[in-house]
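Lettering follows sequence order; numbering is per chain, from 1.
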Number of protein chains: 6
Amino acid sequence: MSESDLVTFGETMLRLSPPDQERLEDAREFEVRAGGAESNVAIAAQRLGTPATWMSKVPETPLGRRTVGELRQHGIDTEVVWSHRGRQGTYYLERAGEPRGTNVIYDRENTAVSTAKARELDLDTIKDARVFFTTGITPALSSTLRDTTASLLKAAREGGTTTAFDFNYRRKLWSPEEAEETMTHLFPGIDVLVIAARDARTVLGFEGDPRQLAHKLGSQYEFETVVVTRGSEGAIGWHDSVVHEQPAYDTDTVSRIGTGDAFTGAFIARRLEGDDVPTALEYAAATAALKRTIPGDVAQVTEEEVEAVVREGGEALSR
Amino acid sequence: MSESDLVTFGETMLRLSPPDQERLEDAREFEVRAGGAESNVAIAAQRLGTPATWMSKVPETPLGRRTVGELRQHGIDTEVVWSHRGRQGTYYLERAGEPRGTNVIYDRENTAVSTAKARELDLDTIKDARVFFTTGITPALSSTLRDTTASLLKAAREGGTTTAFDFNYRRKLWSPEEAEETMTHLFPGIDVLVIAARDARTVLGFEGDPRQLAHKLGSQYEFETVVVTRGSEGAIGWHDSVVHEQPAYDTDTVSRIGTGDAFTGAFIARRLEGDDVPTALEYAAATAALKRTIPGDVAQVTEEEVEAVVREGGEALSR
Amino acid sequence: MSESDLVTFGETMLRLSPPDQERLEDAREFEVRAGGAESNVAIAAQRLGTPATWMSKVPETPLGRRTVGELRQHGIDTEVVWSHRGRQGTYYLERAGEPRGTNVIYDRENTAVSTAKARELDLDTIKDARVFFTTGITPALSSTLRDTTASLLKAAREGGTTTAFDFNYRRKLWSPEEAEETMTHLFPGIDVLVIAARDARTVLGFEGDPRQLAHKLGSQYEFETVVVTRGSEGAIGWHDSVVHEQPAYDTDTVSRIGTGDAFTGAFIARRLEGDDVPTALEYAAATAALKRTIPGDVAQVTEEEVEAVVREGGEALSR
Amino acid sequence: MSESDLVTFGETMLRLSPPDQERLEDAREFEVRAGGAESNVAIAAQRLGTPATWMSKVPETPLGRRTVGELRQHGIDTEVVWSHRGRQGTYYLERAGEPRGTNVIYDRENTAVSTAKARELDLDTIKDARVFFTTGITPALSSTLRDTTASLLKAAREGGTTTAFDFNYRRKLWSPEEAEETMTHLFPGIDVLVIAARDARTVLGFEGDPRQLAHKLGSQYEFETVVVTRGSEGAIGWHDSVVHEQPAYDTDTVSRIGTGDAFTGAFIARRLEGDDVPTALEYAAATAALKRTIPGDVAQVTEEEVEAVVREGGEALSR
Amino acid sequence: MSESDLVTFGETMLRLSPPDQERLEDAREFEVRAGGAESNVAIAAQRLGTPATWMSKVPETPLGRRTVGELRQHGIDTEVVWSHRGRQGTYYLERAGEPRGTNVIYDRENTAVSTAKARELDLDTIKDARVFFTTGITPALSSTLRDTTASLLKAAREGGTTTAFDFNYRRKLWSPEEAEETMTHLFPGIDVLVIAARDARTVLGFEGDPRQLAHKLGSQYEFETVVVTRGSEGAIGWHDSVVHEQPAYDTDTVSRIGTGDAFTGAFIARRLEGDDVPTALEYAAATAALKRTIPGDVAQVTEEEVEAVVREGGEALSR
Amino acid sequence: MSESDLVTFGETMLRLSPPDQERLEDAREFEVRAGGAESNVAIAAQRLGTPATWMSKVPETPLGRRTVGELRQHGIDTEVVWSHRGRQGTYYLERAGEPRGTNVIYDRENTAVSTAKARELDLDTIKDARVFFTTGITPALSSTLRDTTASLLKAAREGGTTTAFDFNYRRKLWSPEEAEETMTHLFPGIDVLVIAARDARTVLGFEGDPRQLAHKLGSQYEFETVVVTRGSEGAIGWHDSVVHEQPAYDTDTVSRIGTGDAFTGAFIARRLEGDDVPTALEYAAATAALKRTIPGDVAQVTEEEVEAVVREGGEALSR
Ligand SMILES: [Ca+2]
Ligand SMILES: [Ca+2]
Ligand SMILES: [Ca+2]
Ligand SMILES: [Ca+2]
Ligand SMILES: [Ca+2]
Ligand SMILES: [Ca+2]
Ligand SMILES: [Ca+2]
Ligand SMILES: [Ca+2]
Ligand SMILES: [Ca+2]
Ligand SMILES: [Ca+2]
Ligand SMILES: [Ca+2]
Ligand SMILES: [Ca+2]
Ligand code: NI
Ligand code: NI
Ligand code: NI
Ligand code: NI
Ligand code: NI
Ligand code: NI
Ligand code: NI
Ligand code: NI
Ligand code: NI
Ligand code: NI
Ligand code: NI
Ligand code: NI
Ligand code: NI
Ligand code: NI
Ligand code: NI
Ligand code: NI
Ligand code: NI
Ligand code: NI
């Protein structure tokens, strides 16, 4: 059994993408990487000093082993149920500038993880952790996972483990109505909510500026902490009825996939280290900025680099 | 509507493979190619001078378009039903020498093609062709395709189109019992059968040396022609109650995937050109030998190259 | 014989370019792609729904087959005279930012296409099409092609086929004086002229702003339609004595090679679909903008993507 | 603290090699992999089901983190002292056939690991393991490591941990005389010795056929087990005064680097699983054969694959 | 013995860098290039028409030969002492945008060049040249090289050879105090000093704007010429007590490594051609601008390209 | 002016080849290398210690500079006439095993070198050398080069320079009759002839075994030395009316292109060093064997490696 401070649960896919900005339609080779919101968050937290474990159910195939191996390479522990049924989820990523725009094609149906039941998983790992984290993608993947998500949040609550949740609405997976119905039922089990301002509006039907969104969400559902993200415009933290604003750092973006996960992972790590909400938001924003300079989904950063960004906003060529 | 002499129907997958002999488990990049028995056969026939069309049902996605585009690049016509439901099939190929051995992982469930019904397809294309071809992989993919295969063979018969069929048993798709049950029901609609000696034994339960297998199959099911293949040991052709032996050519193999399809496509093309069975077998063996020197599933050969092999067994560096 | 609505005639070269922005002088590997104005136009039109055929004369070599195969992959039909004499044209492309600037080295002398005579080509294909298209590059390649261009335009006129022509002056192929002399002799056979404002000025000696250039050209040579392009500043359409302005869409450019061909192909396709000139210009500009986000010469776009740009100017990451 | 059954200690280098069989002198790119005898052994053992940990001292730099990350990817645990002094060792590998021959250039002086003292390391990890393993490379790297090797073997003995040792003489690191002097002083602390027949002869001065070498070594130094390896001719196991011969499996070799480590890791794993010496040798030989089909230093195998080789000597293309 | 107009002396390393902006920590392949300030300067000068030779001491290994071969490829002559002791220096380059920033990890201790003594080198090559050049990196590498640098400058003075020196302070090699102490002792032997404004301030303790820095340096140490560089803000030349300002050209930067060396090499070449200081600065700035569009350390430019930038600031796509 | 012992004259092309054994018809990328018989010979000789210069006429373009740069990288001097007219020759190489066979497509018409006249070249370089070398490819390229070849051989004779010539018949360049007519006219100016046994038979019409061919050629044309090569069966040297046989060394071949040139270059170098014919043949065969293990046309070997092959026939992995 793992002894991590942070435990996350969710699906990690193999991401297949043509080099540079070539079209999928014309590709002769794909770059292969592992990517998933919950493992991304675990890695970002680990890089900032919080021991982290990713839990999932994975096919016992070379593709499943490849996925797990890459997550281990990035430093986290993995605790997986190896399955003889169900696929390894994949997604195809076509990077492009405007007006073409980056596009994602999911191929994640009938996966092993979509059959994961709470009773297969080691709930003690969750109960012994300090924080349990998953996202709104997990219950969107299958009705089994809808139940499992609820059960894991319940186990965390029983174990006295803080629960954190990124709303992460994916319109290619379900409708706003389904998402709202499912997620608001989960809210009572959640301590810390991260949500994009756009999702708060279009899925949950809230109105107002991001500060108001944070406040309304926090008050209505009695979260301990709410973080409302708004992409390049930064984030809002609501905690103890106080609202904190955090601008985004300027960055030379090579890949914005995973930026939000980097933010959330760093925020959780710094909160676990004892930082107050404004300080944790600052480190979260710095980690997100560094992530955007790195190819792939994962925030391969060091604590020193994050601190340097907080301190001075990056530095010039050092030799 | 196409006006090809040969029409084939089946699934073509995207094949994803690590470079050289690397392990899937360790891969950072995949080579991408289209591969499928029925399109491979169409291409081999076209390269030997027979206009050929591949029919299928394909998802209207970049992955579906990529598959079709590559087949067109190789020179054949395509006549596809574009579908808004169902996946593009993929397979993962890990090349290796012995004792590891090359391995294939299929990811071809819930594909668009598995839902293809005869009434969606342009049956006139088949009726106007001189030969219709499919393989035992097609009915193995879904019960819908089991019906569709039967309907297409029936349409061919109605149109006076010769039917050719490669038995192609795939143990990762179905059991020998299912295969035998399904295929023997299709046999009355088939004129030309190609079958591996091993499949004749382990699936159909025939016994004897390859000559005997060919003769027993031809007699029992009243085929016009039977070709029994035996890998590097060559092939046997049975026609008009006469058996012809064709040895395999020596070859420096870089990829044996698609060798049988190259053989079959060339055999059909030469028969359509009016060659007798022994001559067609000779060209088929030469095409198969050339295929083995070429990476990928497809026999990218020229008629001149095949003739040179038949004539002299290949030649030295020419400059 | 093809039954395409659009038939184009011209040279398509193999384009050899070092990866990224490396120097030709230092290259260890070249990317290989097919590129030519007339095939680019055919592909862009086909992608917007107009069946298109590219005609040419091509060496019967692996290089010639490679060129034709790539065009077929992109969806168009090809109708080529296979030649045993003459080279496959190539060009070397060195991509660079300013002040180095992208540079092109042509190696296109003594090609097969430069010997193409009208009597070798299937003129019925042109006569049965709705539009015939070529560019000012074709007559610049050889005196034989000067005659051939005139003959093809004449055949189109005889067949009642609309003729479209992109002026496309290339200073590395001939002098402004030669170009003017040749092209103005071709003008009476042309219905739709596309021309860069710069060429109208420096080769044809016209003066004025682009609106004036379009009007003067249209009036003086009695074209049915004139399109004057001006790069990132958009284009002017002149038709029925009315001038329409079309701005260019903003775009994150990865390759501007082929932008004009994308524009022209889309314009022709939409006109064939029945759109009026301003609407066709809008789709042409959208197609050109998408092209600039795509590596290579070819507008690998879908009709849906073009419509999305017209409707909303592109969209954000969709998942 | 790790709870692995097997703990190994040693240096793992970054291995830089030109693609295919290109010359270092001409290289424009290097493949990068981690490789070291002791981590190779740990990985092979882990793949066969024995939890394994690699201990070392590593620079706290991107290069050090890269090395550790790759080992974690391959499934083992790592327990490293992160150092602010000392280099990451590298080696350059030029692959070639005969008569050129594969060549290795070491660049491993002044590394972090060469300064590792026993008191920096967590000796409890060794004491709690069932087997501790290192090789003759370790004491060859520095005088500090000579002392450390002795101390670690002593700690293992104190903890009741079996000690295994691969003689692994490297002539580019020290002279036969130095090696003999150092290693024979270590022998009393070693339970299981693996040694190449050639090293037994040229470094230790023993004579006779491999069976005799095994017997003489075992008797003279009172080892529990001696394994004498002889490359493609197989291996000899000596245990309880009985000698067992194990031939090598035939294999299509793509890389023989790491073959011996694969053998040793599998032998240790199977002995820990309770197999007798002849059975463990059989699995060791099968693992070594599979390794030779895999690029890189590491035996990325599965237990099922090894068992299949033992059972049937590999199998054909499976689909 | 070489007969070059310019002779430079210093270390050239192999530079290992992951593709694109990937992290060293995650790299599977490195691009390999040779890079060193003194060879970069020699190449830039040669490209502008000044025959140039790079002198050094290099290990007689494939890595040493590779380094020398690449410099010869770029057109300069090399005159090296081949050494059987000492490493080939390497450095790892991780390219990144802000806020991550490009980072360099040196692995250049115990190199062959660090042991180079003046008596091993062919001093006549220096005495017969018109200019001798080295940088502040050279004396930073070892105490031996501190003496050697002084001896080479002395030999140049004896031979009537002009001496040029780029201050090039590297904080990863030595402290500002060590640098100041060493370099100011070398100043009396130097005719032409190139120095970054930042180094003049933080290492030498000068104050003022760049014009003042140039004037103070030139006056205090009696240089013939001083060039103060300030990155994207251009450079200042001081000569005969007159100060000349040269702005930097706009450029699409792909790699700024080597920009200063390109500037200095071009400046020296043009001064040798007889240009006055303002003209030489203009060519230097143009060469530097072109360098920034080229991957790698080296100014692979032509004289014609540099002249085109001076004349018109670069030009558009030419075809 | 160069001061090389060996001067060669001829064409060096850019060689474009798909990776691995892919087909030209399917290629998306080409590897780029310089290759030409006369530069290959110069490089092989230089690697064995003979200073060598390659003379030619080359287009003043990035492609021409690239060619020259690569030759310089490999260590030889180049003395070229830079031309503003004429192409850089290229050839396309498709590697394949049997029965496909490696194939070469020349694209070398209208090159700069084909216009090279003796009066453009620095004949003193030839006159001051100890050996001048060219091959039968040179006079095959143009009638101008036929004259030039004769003039250069004449200049060598005037300068007292030994002349060496590799017959190198290329059937894609001219007919056997043309070759015989031209070459036998050149024979009186040649001291050392290298010729394949096959060419002696099919072009010159000689008969007999290789020993007889060597003797007949030597006697009839009064050569000083004749070497008859026969591929993997070794070579025959005839000198002073004595015949010496040299078998070929076994080798793991990755590329046999350039093997003959490696042999010839090494033979010349060793003869210049004073070795007798049998010893020179032994070194030549060893160099040829090493060449076959190296990708590309060029014998990137060291004198030590060649000596090791002569001494012991290669060695095992050294570490
Ligand atoms: Ca490869
Ligand atoms: Ca790679
Ligand atoms: Ca490839
Ligand atoms: Ca590159
Ligand atoms: Ca690229
Ligand atoms: Ca490459
Ligand atoms: Ca390879
Ligand atoms: Ca990559
Ligand atoms: Ca790239
Ligand atoms: Ca690569
Ligand atoms: Ca590529
Ligand atoms: Ca390569
Ligand atoms: Ni790449
Ligand atoms: Ni690539
Ligand atoms: Ni590649
Ligand atoms: Ni990763
Ligand atoms: Ni690769
Ligand atoms: Ni690779
Ligand atoms: Ni293909
Ligand atoms: Ni590359
Ligand atoms: Ni690359
Ligand atoms: Ni690439
Ligand atoms: Ni293309
Ligand atoms: Ni490569
Ligand atoms: Ni690895
Ligand atoms: Ni790559
Ligand atoms: Ni370079
Ligand atoms: Ni490749
Ligand atoms: Ni490659
Ligand atoms: Ni080369």
Got a sec, which pairs hit side-chain hydrogen bond (donor to acceptor under 3.5 Å, both in side chains) with one end in residues 35-46 of chain B, sequence neighbours left out?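 side-chain hydrogen bond (donor to acceptor under 3.5 Å, both in side chains) check on residues 35-46 of chain B returns Thr12(B)-Ser39(B), Glu38(B)-Thr135(B), Glu38(B)-Thr138(B), Asn40(B)-Asp261(B).
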Mind checking which of residues 267-293 of chain B sit less than 4.5 Å from chain F, heavy atom to heavy atom? Ala289(B), Leu290(B), Thr293(B)
Quick one: do Arg28(F) and Glu31(B) satisfy salt bridge (Lys or Arg N to Asp or Glu O under 4.0 Å)? Show the steps, please. CA-CA 12 Å; Arg28(F) 289 273 183 105; Glu31(B) 296 172 12; over 6 Å; no
Asp209(F) atom CG: more than 12 heavy-atom contacts under 6.0 Å: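 It does: Asp209(F) CG has more than 12 such atoms within range.
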Could you state the interatomic distance from CD (Gln21(F)) to CG (Asp252(B)), rounded to the nearest 0.5 Å?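 Spacing of CD (Gln21(F)) from CG (Asp252(B)) equals 7.5 Å.
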Just how far is it from atom CD of Gln300(B) to atom CG of Leu24(F), taken to the nearest 0.5 Å? 10.5 Å
Who wins among Val301(B), Ile294(B), Thr253(B), Val254(B) for the most heavy-atom pairs under 4.5 Å with chain F?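 Highest number of pairs under 4.5 Å: Ile294(B).
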Which residues pass the salt bridge (Lys or Arg N to Asp or Glu O under 4.0 Å) test with Glu180(F), not counting sequence neighbours?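 Residues passing salt bridge (Lys or Arg N to Asp or Glu O under 4.0 Å) with Glu180(F): none at all.
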Should Glu22(F) and Arg33(B) count as an ion pair when the cut-off is N to O under 4.0 Å?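 Yes.
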Run the salt-bridge test on Arg100(F) and Glu304(B) with the 4.0 Å N-O cut-off and return the result as yes or no. no
Student check: side-chain heavy atoms of Gln73(B) and Asp26(F) closer than 4.5 Å: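 In contact.
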Counterpart residues, side chain to side chain donor-acceptor pair (under 3.5 Å), relative to Glu245(B) (two or more places apart):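 Only Arg211(B), Arg230(B) meet the side chain to side chain donor-acceptor pair (under 3.5 Å) criterion with Glu245(B).
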Of Val306(B), Val310(B), Thr251(B), the residue whose pairing with Pro99(F) passes side-chain contact (heavy atoms from CB on, under 4.5 Å): Thr251(B)
